[in-house]
Amino acid sequence: MTRENSSDDAVEKSPDSAKDLAPTSAAASGGKRILIVDDDHEIIESVRYALEGEGHEVVVARDGNQGLALAERENPDLMILDMMMPKRSGFLVLEKLRRIRDVPLPVIMITGNEGSRHKAYAELLGVSDYIRKPFPMDRLIKAVNKLLES
C-alpha cells in the first residue's frame with residue numbers, strides 16, 4: 001500500500017480502501033516504512049516503484065511541511081528527503097526533526113545541488129547519506145538497505 005498526501009489534506013489514497021485497514025504485505029513480510037519527501041513527481045514514482053519492489057511500505061509527502069507532519073504521525077524507519085522543496089526546504093525539515101525527535105531518524109538527502117557547502121551542512125545536521133541527482137536507482141537502494149540493516 002502506498003500512502004500519498006496532497007498539499008492540502010493528509011488523506012490516504014489506495015485503489016481499494018479495504019486494504020487500508022489490513023496490514024500491508026510490506027509489514028507482514030518484514031518490510032520497513034519509508035517516507036519520501038520530494039516535490040518532483042517523476043522522482044517520487046521511480047523511487048516508490050523501486051522501494052515497493054524491495055518489499056517496503058512507502059509514504060509520500062510533496063513538501064517539507066507535509067514531510068514533518070508525516071514523520072511525526074507515521075513514524076517511518078527511514079526518510080528520503082529532497083533538499084529544495086516548496087514551503088520548507090530539506091534543511092529546515094532536518095533541523096526541526098533533529099530538535100523534536102529523541103531517536104534520530106535515518107535520512108538520505110537527495111539533491112540536484114552540486115555545492116560542497118550544502119553537503120557539509122547536511123552532514124553537520126546528521127544525514128545518513130547524501131546522494132546527488134541524477135543517481136542510479138541501485139545506489140539509492142543500496143543506501144536504503146544499508147541503513148535499515150544497521
Side-chain angles (χ1 to χ4, degrees), residues 1-13 23-27 29-150:
M1 175 175 77
T2 300
R3 294 184 193 161
E4 185 168 339
N5 293 288
S6 69
S7 55
D8 297 327
D9 300 312
V11 178
E12 291 186 31
K13 294 183 178 179
T24 65
S25 59
S29 67
K32 302 290 186 172
R33 179 175 297 152
I34 300 174
L35 173 58
I36 302 172
V37 186
D38 200 317
D39 60 324
D40 184 318
H41 180 74
E42 290 180 14
I43 295 284
I44 289 169
E45 290 307 312
S46 58
V47 171
R48 175 193 318 210
Y49 181 78
L51 293 173
E52 287 177 345
E54 293 285 312
H56 301 298
E57 177 184 353
V58 174
V59 181
V60 171
R62 295 191 177 271
D63 65 52
N65 288 339
Q66 276 186 1
L68 276 175
L70 287 173
E72 291 183 54
R73 190 178 80 208
E74 298 289 334
N75 195 28
D77 298 295
L78 181 125
M79 176 188 281
I80 298 172
L81 178 65
D82 186 22
M83 182 191 303
M84 306 298 278
M85 292 180 295
K87 298 186 181 178
R88 189 182 293 238
S89 74
F91 285 136
L92 294 175
V93 170
L94 200 51
E95 288 170 358
K96 178 112 183 195
L97 276 177
R98 296 307 184 222
R99 285 194 310 268
I100 63 174
R101 286 183 65 103
D102 294 331
V103 177
L105 174 65
V107 175
I108 298 172
M109 183 168 272
I110 57 176
T111 182
N113 191 302
E114 297 285 328
S116 60
R117 288 187 320 184
H118 290 103
K119 182 177 182 185
Y121 188 57
E123 290 170 347
L124 180 70
L125 291 173
V127 296
S128 307
D129 206 340
Y130 186 92
I131 301 175
R132 288 191 172 97
K133 296 176 188 175
F135 52 86
M137 194 58 67
D138 65 333
R139 162 72 171 93
L140 179 65
I141 296 300
K142 284 179 186 175
V144 166
N145 290 337
K146 179 181 175 189
L147 288 169
L148 292 175
E149 289 170 3
S150 59

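One-based numbering along the sequence shown.
Residues passing the side chain to side chain contact (heavy atoms under 4.5 Å, CB included) test with Arg101 are Asn75, Leu97, Leu105, sequence neighbours excluded. In this view, Lys142 satisfies the salt bridge (charged side-chain N to carboxylate O under 4.0 Å, His left out) rule with no residue, not counting sequence neighbours. Evaluation of the side chain to side chain contact (heavy atoms under 4.5 Å, CB included) rule for Pro104 yields Arg98 as partners, not counting sequence neighbours. Checked against side chain to side chain donor-acceptor pair (under 3.5 Å), Asp129 has the following partners two or more places apart in sequence or in another chain: Arg139. Legend: residues meeting side chain to side chain contact (heavy atoms under 4.5 Å, CB included) with Ser46, ordered by chain and number and at least two apart, are Met137.
Environment of OH in Tyr49: sparse, with no more than 12 heavy atoms of neighbouring residues, nucleotides or ligands closer than 6.0 Å.
Distance alone, capped at 3.5 Å, places no donor-acceptor pair between the Asp39 side chain and the Asp63 backbone. Here the side chain of Ser128 pairs a donor or acceptor atom with the backbone of Val107 at under 3.5 angstrom. When atom types are taken as modelled, the side chain of Gln66 and the backbone of Arg62 share a donor-acceptor pair closer than 3.5 angstrom. Of the possible polar contacts, none joining the His56 side chain to the Gly31 backbone as a donor-acceptor pair under 3.5 Å is found.
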Q: Could you walk me through whether Ile110 and Ile43 pass side chain to side chain contact (heavy atoms under 4.5 Å, CB included), step by step?
A: CA-CA 10 Å; Ile110 57 176; Ile43 295 284; 4.0 Å; yes
Q.
Applying side chain to side chain contact (heavy atoms under 4.5 Å, CB included) to Val144 and Glu54, what does each step give before you reach the verdict?
A. CA-CA 10 Å; Val144 166; Glu54 293 285 312; over 6 Å; no
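Contact record, Phe135 with Arg132: CB-O, 3.5 Å, taken as the closest heavy-atom pair. For Ala143 against Ile131, the heavy-atom pair with the smallest separation is CB-CD1, 4.3 Å. For the pair Tyr130 and Gly115, the tightest heavy-atom approach, listed with the atom from each and the gap, is OH-O, 4.2 Å. In plain terms, the two heavy atoms of Gly67 and Ala61 that are nearest each other are N-CB, 3.5 Å.
Using a 4.5 Å heavy-atom cutoff, the side chains of Leu78 and Lys32 are not in contact.
Atom CG of Leu147 is separated from atom CD of Glu149 by 9.5 Å, given to the nearest 0.5 angstrom. Between Arg88 atom CZ and Asn65 atom CG the span is 5.0 Å, to the nearest 0.5 Å. In this structure, CG on Leu35 lies 10.5 Å from CD on Glu57, to the nearest 0.5 angstrom. Atom-to-atom distance recorded for Leu94:CG and Arg99:CZ is 10.5 Å, nearest 0.5 angstrom.
The side-chain hydrogen bond (donor to acceptor under 3.5 Å, both in side chains) pairs that include a residue from residues 116-127 are Glu95-Tyr121, Asn113-His118, where partners are two or more places apart or lie in different chains.
Exactly one residue among Leu81, Ile36, Ile34, Leu140 makes a side chain to side chain contact (heavy atoms under 4.5 Å, CB included) with Ile108. That residue is Leu140. Residue Glu42 is tested with Asp40, Ile44, Asp38 for a side chain to side chain contact (heavy atoms under 4.5 Å, CB included); the sole match is Asp40.
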